[in-house]
Amino acid sequence: MKLQKETARKLIRDAIISVFIYAFPVVLMFLVFYISGHKPWLKNETRTVQKQIKNQQP
Amino acid sequence: MVKFIESLFHNLSLWGLPVIMIITGIIEFGLGLYENKWNKNERILDIVCFVVPKVLIRPAIVYFTLLALPVILPGFKGVFSWVPFWWAFFIIAIADDLTQYWYHRLHHQVPWLWRFHRTHHSAPYMGMAMASRQNLLYTIFFSQIYLTAALTYLGLGYAALFVTGLKSLITTAAHSSIKWDKPFYSKRWLHPIAWVLERLISTPATHHAHHADSSNDGVGYYKGNFGNMFFIWDIIFGTGIITRKYPAAYGTKAYKNEEWYAQFLWPVFKSRKEGSELSVTGPIVADELPENTDHQFKREPGYESLPNALTRLS
């Protein structure tokens, strides 16, 4: 039994739309960060550097 | 309060959900909701499917997360741990559930995949007994588990705990033979909530329709309603039907009460039942496949699925 042509067409069409849905929350998050000027990844970097310094101290 | 909710979801992921399922299952059984259809073959299959994945799958995921991912993605551990909680929750909820929607839909619409998912649909009843009923290979290749494990490795693990907990509760409740959503349809003042609820998440009405043995009575719709936690994917892709009714019969017309081991371990073990989809000489799909998953959707006036709207505009 083969996959029907119409079903295959819909699967491909919906898969392409899904790529945008997957990307949507990530894009929206960065858009909100861009608008608000919020940069949470810098806070994380600072924390990592502080941790490294602490580890290096005797 | 946060600590309490955190421990609640932590316990839910460890032992809470199986306990909830067992208690709910006993209540369902006590209320006679299995209608004497839970025979010996069904009982063994349901119990094996409930126990074995919990013993086998969890160690496999731990192995994948702790050993395989550092090799596949070296140096990426925790790189996205800076993502704020609610954003991480939003990202995982969509990534996990949309992946499961696809995994599920493909097993219905691609003929050679159907027999890996058939075991879940062969149950002639709804309820906790059949909620975990799956072929072993279907469970092992449950794609979204590995995606969520990867996102956990990348630093979104805390949010994953809540998403997976919430998802388990919603999907389990949608399989229950206790029709908890009925008051939302019968009481007029609850209709606005029902409207949102049935479009956002899977409910017994929409998910029972997916488990109906017929797609021709205007209530059952095993050719669609693929959503697991979110029903919104079926709305977007036009693969859903909302009727606020429950099917008269569950299962699949081609069911031949195949041996529990054949249903659990096909294609390793085949069924001896003549003409069975799980037998050596049986058909791949006994029932006809969906030709057009859009045409039976009971739409609101003016409704148009997103893909159809895009096609029309292009």
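Order of the sequence lines sets the chain letters (A, B, ...), proteins ahead of strands, with each chain counted from 1.
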Within-4.5 Å side-chain heavy-atom neighbours: [X] and [Y]:
| X | Y | value |
| --- | --- | --- |
| A:Asp14 | B:Ile236 | no |
| A:Pro25 | B:Phe89 | no |
| A:Phe30 | B:Trp87 | no |
| A:Val26 | B:Phe80 | no |
| A:Leu3 | B:Pro111 | yes |
| B:Val110 | A:Thr7 | no |

Below 4.5 Å from any heavy atom of chain B, which atoms of A:Leu28 appear? Answer side chain, backbone, both or neither. both
At a heavy-atom separation under 4.5 Å, does A:Ala15 approach chain B through its side chain, its backbone, both, or neither? both
Test side-chain hydrogen bond (donor to acceptor under 3.5 Å, both in side chains) applied to B:Tyr101 and A:Ser18, step by step: CA-CA 11 Å; B:Tyr101 167 86; A:Ser18 294; over 6 Å; no
Nearest 0.5 Å please: distance from the CH2 atom of B:Trp102 over to the CG atom of A:Leu11. 5.0 Å
CE of A:Met29 to CZ of B:Phe90, rounded to nearest 0.5 Å, is 11.0 Å
May I ask you to decide if B:Ile91's main-chain N or O and A:Tyr22's side chain share a donor-acceptor pair within less than 3.5 Å? no
Are there over 12 heavy-atom neighbours, none belonging to B:Phe76, within less than 6.0 Å of that residue's CZ? no
Classify the ring geometry between B:Trp82 and A:Trp41 as parallel (under 30°), tilted (30 to 60°) or perpendicular (over 60°). perpendicular
